[in-house]
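Quick one: this structure, given as structure tokens, is what I'll be asking you about.
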Amino acid sequence: MTTHGESPSAELRAAFGEIDIYLFDQLLKGRFDRRPRLLDAGCGDGRNLVYFLRRGFNCHAVDRDAAAVSHARSLAAEFAPTLPPDQFQVAPLDQLPWADGSMDAVVCSAVLHFAEDEAHFGRMVTEMGRVLAPNGLLFARLASNIGIEPAVGAAGRRVRLPDGSDRFVVDERILVEWTARLGGRLADPIKTTNVQQMRCMTTWVVERVPSSSRRSAV
Ligand SMILES: C[S@@+](CC[C@H](N)C(=O)[O-])C[C@H]1O[C@@H](n2cnc3c(N)ncnc32)[C@H](O)[C@@H]1O
């Protein structure tokens, strides 16, 4: 039991919300240290924002669903009431309403696999790269065919996953290519969780590298 008399799980949930565990892993690794301007791209109900709001990050969020943004705004009002509500915007990921280089970190969890096709995927990743600062970090979790290629076939297109959902899937080659196009390097090896052969979710973490040190980073 904790000093507050709460169960450990209740205490963790109070501090971190329902944060994605792979995002939590990146927090523990220090990837968000000294990266105060944060964008949650495709924030949904804002489960990944709770910790950052409480910890005083300069949070921004976007989603194409107005109800999701309204929910994120109410979380901000609760945990970080001084943040301007217009930092939480309804918009598509391929048209972000922020300036070039204005974010130190972009979190994009379980969103990119809603891409309509490869061109749409590319526009969204390019747009997130546009708003990232020179030393910025992109954290993404998305569906892939890694480990279930025989069941779903080639990546770079929408497929029917064994769990019955239709998703745009990537593979390692696509992510490595986009890492280079973003002018970054992999902060961690690409890691994939195979959910009992039903779907595979890949964690992709890119650290932007200033152009002066890019050669050694690739
Ligand atoms: C499965 S939810 C994930 C929410 C949150 N990131 C999380 O990890 O819990 C996907 C969210 O992405 C949003 N979304 C999907 N495609 C989008 C797009 N092209 N532009 C903006 N939001 C998008 C949906 O509206 C939804 O809120």
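Keep in mind that this is a model prediction, so the values were computed, not measured. Each ligand, and each atom within it, is numbered from 1 in the order the structure gives.
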Which is it for Ala91 and ligand 1 at heavy atoms under 4.0 Å: side chain, backbone, both or neither?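 Only the backbone of Ala91 comes within reach of ligand 1.
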
Whether Arg158 and Asp166 form a salt bridge (side-chain N of Lys/Arg under 4.0 Å from carboxylate O of Asp/Glu) is what I want to check.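 A salt bridge is absent here (no side-chain N lies under 4.0 Å from a carboxylate O).
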
Is Glu18 in contact with ligand 1, taking contact as a heavy-atom separation below 4.0 Å?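 Contact check Glu18 vs ligand 1: negative.
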
Atom indices of ligand 1 within 4.0 angstrom of Asp65 heavy atoms, with elements: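 Reading through ligand 1 atom by atom, the close ones are 25 (O).
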
Is the shortest side-chain N to carboxylate O distance from Asp188 to Arg31 below 4.0 Å?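 Yes, this pair counts.
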
Give the contacting part of Asn48 toward ligand 1: side chain, backbone, both or neither, where contact means a heavy-atom distance below 4.0 Å.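 Side chain only.
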
Between Arg35 and Asp104, is the closest basic N to carboxylate O distance under 4.0 Å?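 Looking at Asp104 and Arg35, the cut-off is not met.
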
Per-atom contacts of ligand 1 with Ser109, taking only distances under 4.0 Å to non-hydrogen atoms: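 Selected atoms, number and element: 3 (C), 5 (C), 6 (N), 7 (C), 8 (O).
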
Of the listed options (Arg123, Arg47, Gln95), which comes nearest to atom 9 (O) of ligand 1 when hydrogens are ignored and any heavy atom counts?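 The nearest heavy atom belongs to Arg47.
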
Kindly identify the option in Gly44, Ala66, Gly42, Ala67 whose heavy atom sits closest to atom 6 (N) of ligand 1.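 It is Gly42 that holds the nearest heavy atom.
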
Check if Cys108 has a non-hydrogen atom at a distance under 4.0 Å from any atom of ligand 1.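 Contact absent.
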
Nearest protein heavy-atom contact for atom 16 (N) of ligand 1: which residue, which atom, what distance?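 Heavy-atom neighbour on the protein nearest atom 16 (N) of ligand 1: Arg64 CZ, 3.2 Å.
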
Check this for me: Arg167, atom CZ, are more than 12 non-hydrogen atoms of other residues, nucleotides or ligands nearer than 6.0 Å?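 Yes - once you tally the heavy atoms of other residues, nucleotides and ligands closer than 6.0 Å, there are more than 12.
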
Would you please say whether a donor-acceptor pair under 3.5 Å links the side chains of Asn48 and Glu18?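 There is no such pair between these side chains.
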
Among side-chain atoms of Thr179 and Trp204, is any donor-acceptor pair under 3.5 angstrom?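 Yes, because at least one side-chain N or O of Thr179 sits under 3.5 Å from a partner of the opposite role on Trp204.
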
Of the protein's non-hydrogen atoms, which lies at the shortest distance from atom 20 (N) of ligand 1, and what is that distance?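 Protein heavy atom at minimum distance: Leu93 N, 3.0 Å.
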
Between Phe16 and Phe24, is the ring centre distance below 6.0 Å?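 Aromatic pair counts; centres sit under 6.0 Å.
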
Just by distance, no angles: are the side chains of Ser109 and Tyr22 close enough, under 3.5 Å, to form a donor-acceptor pair?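 There is no such pair (donor and acceptor under 3.5 Å, judged by atom type) between the side chains of Ser109 and Tyr22.
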
By number and element, which atoms of ligand 1 are closer than 4.0 Å to a non-hydrogen atom of Pro92?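 Counting atoms of ligand 1 from 1, those under 4.0 Å from Pro92 are 20 (N), 21 (C).
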
Under 4.0 angstrom from ligand 1, any heavy atom of Asp63?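 It does, in that a heavy atom of Asp63 comes within the 4.0 Å cut-off of ligand 1.
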
Is it true that the side chains of Arg141 and Thr203 contain a donor and an acceptor less than 3.5 Å apart?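 Note: Arg141 and Thr203 side chains meet the donor-acceptor criterion.
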
Determine whether the side chain, the backbone, both or neither of Met124 has a heavy atom under 4.0 Å from any heavy atom of ligand 1.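 The answer is the side chain of Met124.
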
Enumerated ligand 1 atoms positioned under 4.0 Å from heavy atoms of Ala110: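 Within the 4.0 Å cut-off of Ala110, ligand 1 contributes 1 (C), 2 (S), 3 (C), 10 (C).
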
Name the one of Phe52, Phe139, Tyr51 that satisfies ring-ring contact (aromatic ring centres under 6.0 Å, His included) with Phe32?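 Output: one option passes, namely Phe52.
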
Heavy-atom contacts under 4.0 Å between Ala41 and ligand 1: side chain, backbone, both, or neither?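 Neither; nothing of Ala41 gets under 4.0 Å from ligand 1.
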
